[in-house]
Amino acid sequence: MNNANSKQDRKPTSKFRKVLTNLLVTLLAGVVYFYISLPAINFQSPDFYAFIFFLCAVYIVLALVTSGFDIKSSSGFKDYLRFIKSQCLPVGILLIALIVVTVAGQIISSPIFRASEYRDLLAAPTGDFISEVSQISFEEIPTLDKDSANYLGDRQMGTLSDMVSQFEYSNDSTQINYQGRPVRVAPIAYADLIKWFTNRSQGLPAYVIVDMVSQEATIVRLNEGIKYSFSEPLNRNVIRHLRFHFPTMMFAEPEFEIDEQGRPWWIAPRIVKTIGLFGGTDIQGAVLVDAITGECTYYDSADVPTWVDNLYDPDLIMQQYDYHGTLINGFINSIFGQRDVTQTTQGYNYIAMNDDVYMYTGVTSANADQSNLGFLLCNMRTKDTTFYTAPGATEYAAMASAQGVVQDLGYKATFPILLNISGQPTYFIPLKDAANLVKMYAMVNVSRYDIVGTGSTVPTCEQNYIQLLAEKGITQAEELPQNTADGTIAELRSAVLDGNTYVFVRLEGESVFYSISAAENNIAVILNVGDRVSIQHTPSTEGSDILAGYSITRIR
């Protein structure tokens, strides 16, 4: 009799132990999952629901194992349901609740039911291109694309002779305005896990700046190394560091930037869902992480420091405009009829204006044909977006046109940026060789993409383009640059830059040199000291030692 009572007492105790064991193992699995996947503890995050679903699934599998459930003799799905109902009812209810909330959340957040809210995610008033987009100087025109900048940055790593075997270029560059110039900045990274282990106490000792105008790459060494980066595998990984400090916030991919003093930071935009449970993705502030100390500071969008250039992601802006353009007359119209439906083109680039970085992308019709209706300019810090009407060729049509002019050289066009040249919306397109180096430049008129000016320098390219505009009757001839220097040659020098020969001319009584492309001006290679010449050149700026010359003529 005592034996029977003893067995009855042990049954509930044994069951309690199994449940406790299952919970503890599930908790351990959850800790590992959380450390690796880093989901936000937020009901608007799909990753959070995946995390809870994972915990439920682990617990049910453990319960099946510890209960001695005979999988081979089970008759199918109904047996599993019976088991969950009898042994894991709370977990089963939670699973059903997760599925219901997820499905319902998707439905109530769908553009089908909330088209007007999606349409209003982005305001894009129409602006006047000529008056609002001023012509920028040659010192502000980026002449590299991201791939070329990364190539130059990687090549510059060879100058780190004392540490090149320990570190490598990260290929994770960000375009910013730094001290008034468009540049790309990127941290270096540990070469491998062993190099991380041996160097982690000092951190990453440098970052790379690539000047988008001069195409000069520079390694900036730090007095104190970068301790927080994506190449850190453990707690100092940027994403993990953010998650532990802000467990409920959802973040976009952090971007590497430097402030005006050259101190490195990670900019982590905070994502919010503004429509229903899962819809209307937008940015509401950012966390700034000091890349050296790891100190985190949260700012609302309006309070983000002005040196920060990338708060909004271009893909997000394009997505929001696509909602605006496709849902302008309701969801049904976006599918049937498509009256006034527009969308962004496939691609974007950056323009530096007013000490901010702007994203540029074209806008085309719903048919996505080879013509644009206009284009967008969006401030990547404030999200201020303007639509400019400029009917003409798409970016890819302009790229094909530019490549056609230099097809004998085999150069490839990069994605263009949009400039105001003589009051004309103009695609500016660097042309690269097979080694990913920029060799020439092209300017293509947006409305007339058969008008293509090329040159081995930006000033020469602009000169040829403006001449073509005048010849086609689009602008007046007097709009051509008239900066001219006449005099006697006092000094001549020459150099080969990126495979092109340049002659540098200094006139008597002057201290500046005029850079003349021999490819564009054959006469430059036969000039001598003492010759009298006339040089058309870019405007002089304070502190300039070298001015770009458009053309040079010998005076008889």
Side-chain angles (χ1 to χ4, degrees), residues 129 133 135-136 138 140-149 151 175 182 212-213 215 344-351 359-364 368-375 377 388 390-472 474-475 480 497-500 517 519-520 548 550:
F129 178 79
V133 182
Q135 298 192 64
I136 60 178
F138 299 125
E140 297 176 307
I141 300 176
T143 60
L144 295 172
D145 65 350
K146 182 177 181 178
D147 290 339
S148 296
Y151 175 80
Q175 184 163 330
M212 302 292 284
V213 179
Q215 304 184 24
T344 56
T345 53
Q346 299 299 312
Y348 61 86
N349 214 327
Y350 298 100
I351 306 172
M359 181 208 73
Y360 151 79
T361 188
V363 175
T364 187
D369 52 23
Q370 289 296 302
S371 62
N372 275 358
L373 303 174
F375 57 91
L377 284 183
Y388 295 98
T394 65
E395 296 87 345
Y396 287 99
M399 290 164 64
S401 182
Q403 283 182 186
V405 174
V406 295
Q407 59 183 335
D408 57 318
L409 300 173
Y411 295 157
K412 297 297 182 183
T414 65
F415 196 85
I417 61 175
L418 196 76
L419 300 178
N420 178 356
I421 305 295
S422 294
Q424 290 292 310
T426 302
Y427 291 123
F428 174 73
I429 306 174
L431 300 165
K432 301 190 297 185
D433 63 10
N436 223 20
L437 295 173
V438 175
K439 293 297 185 181
M440 290 184 69
Y441 307 95
M443 290 185 178
V444 182
N445 189 267
V446 171
S447 61
R448 291 276 307 275
Y449 68 105
D450 59 314
I451 301 177
V452 183
T454 62
S456 55
T457 65
V458 178
T460 303
C461 176
E462 186 193 40
Q463 171 78 359
N464 294 335
Y465 174 69
I466 293 177
Q467 287 177 338
L468 286 172
L469 291 178
E471 290 171 7
K472 299 290 185 180
I474 295 176
T475 60
L480 298 173
L497 305 175
D498 292 329
N500 298 306
S517 168
E520 303 290 340
Y550 297 126

request  = Step by step, work out the side chain to side chain contact (heavy atoms under 4.5 Å, CB included) result for Leu469 and Gln424.
outcome  = CA-CA 9 Å; Leu469 291 178; Gln424 290 292 310; 4.1 Å; yes

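- A 4.5 Å side-chain heavy-atom check between Leu468 and Asn464 finds every atom pair outside the cut-off.
- The two atoms that bring Ala442 and Ala402 nearest to each other are CB-CB, 3.8 Å, heavy atoms only.
- Applying the side-chain hydrogen bond (donor to acceptor under 3.5 Å, both in side chains) criterion to Thr345, with sequence neighbours excluded, gives Glu395.
- We find the CD1-CD distance between Ile421 and Glu462 to be 4.5 Å, quoted to the nearest 0.5 Å.
- For Phe375 and Phe129, the ring centers sit closer than 6.0 Å to each other.
- With Tyr396 contributing its side chain and Gln346 its backbone, the two residues share a donor-acceptor pair below 3.5 Å.
- Taking 4.5 Å as the limit, some side-chain heavy atom of Val213 sits within range of a side-chain heavy atom of Pro182.
- No donor-acceptor pair under 3.5 Å is formed between the side chain of Ser401 and the backbone N or O of Asp450.
- Scored by the ring pair (Phe, Tyr, Trp, His ring centres under 6.0 Å) test, Tyr465 finds no partners at all (sequence neighbours excluded).
- Legend: residues meeting salt bridge (charged side-chain N to carboxylate O under 4.0 Å, His left out) with Asp147, ordered by chain and number and at least two apart, are absent.
- The CD atom of Gln403 sits 7.5 Å away from the CG atom of Leu431 when rounded to the nearest 0.5 Å.
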query = For Leu377 and Tyr360, what are the C-alpha separation, side-chain angles and deciding distance, and is it a side chain to side chain contact (heavy atoms under 4.5 Å, CB included)?
reply = CA-CA 5 Å; Leu377 284 183; Tyr360 151 79; 3.9 Å; yes

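- Between Phe428 and Tyr441, the ring-plane angle classifies as parallel under the 30° and 60° cut-offs.
- Between atom OH of residue Tyr350 and atom CZ of residue Phe415 there is a gap of 11.5 Å, rounded to the nearest 0.5 Å.
- Side-chain contact annotation: Thr457 with Ser517, donor-acceptor N/O pair under 3.5 Å absent.
- To the nearest 0.5 Å, atoms NZ (Lys472) and CD (Gln467) are separated by 13.5 Å.
- In this structure, Thr460 OG1 and Met440 CE are separated by 9.5 Å, a value rounded to the nearest 0.5 Å.
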request  = Mind running side chain to side chain contact (heavy atoms under 4.5 Å, CB included) on Met212 and Leu144 for me, showing each step along the way?
outcome  = CA-CA 5 Å; Met212 302 292 284; Leu144 295 172; 4.0 Å; yes

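- Side-chain atoms of Tyr411 and Asp433, non-hydrogen and from C-beta on, do get closer than 4.5 Å to each other.
- Taking every heavy atom of both residues into account, Asn372 and Ala393 meet most closely at ND2-O, 3.8 Å.
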Audit row: Leu418, Tyr388, side chain to side chain contact (heavy atoms under 4.5 Å, CB included) steps and yes/no = CA-CA 11 Å; Leu418 196 76; Tyr388 295 98; over 6 Å; no

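- Contact between Pro425 and Gly423 at its shortest, heavy atoms only, is CD-O, 4.0 Å.
- Exactly one of Ile429, Thr426, Asp145, Asn349 qualifies for a side-chain contact (heavy atoms from CB on, under 4.5 Å) with Ile417. That residue is Asn349.
- Shown here for Ser148 and Asn436, the closest heavy-atom pair between the two residues is OG-O, 3.2 Å.
- Annotation: the span from Gln463 atom CD to Met443 atom CE amounts to 11.0 Å, rounded to 0.5 Å.
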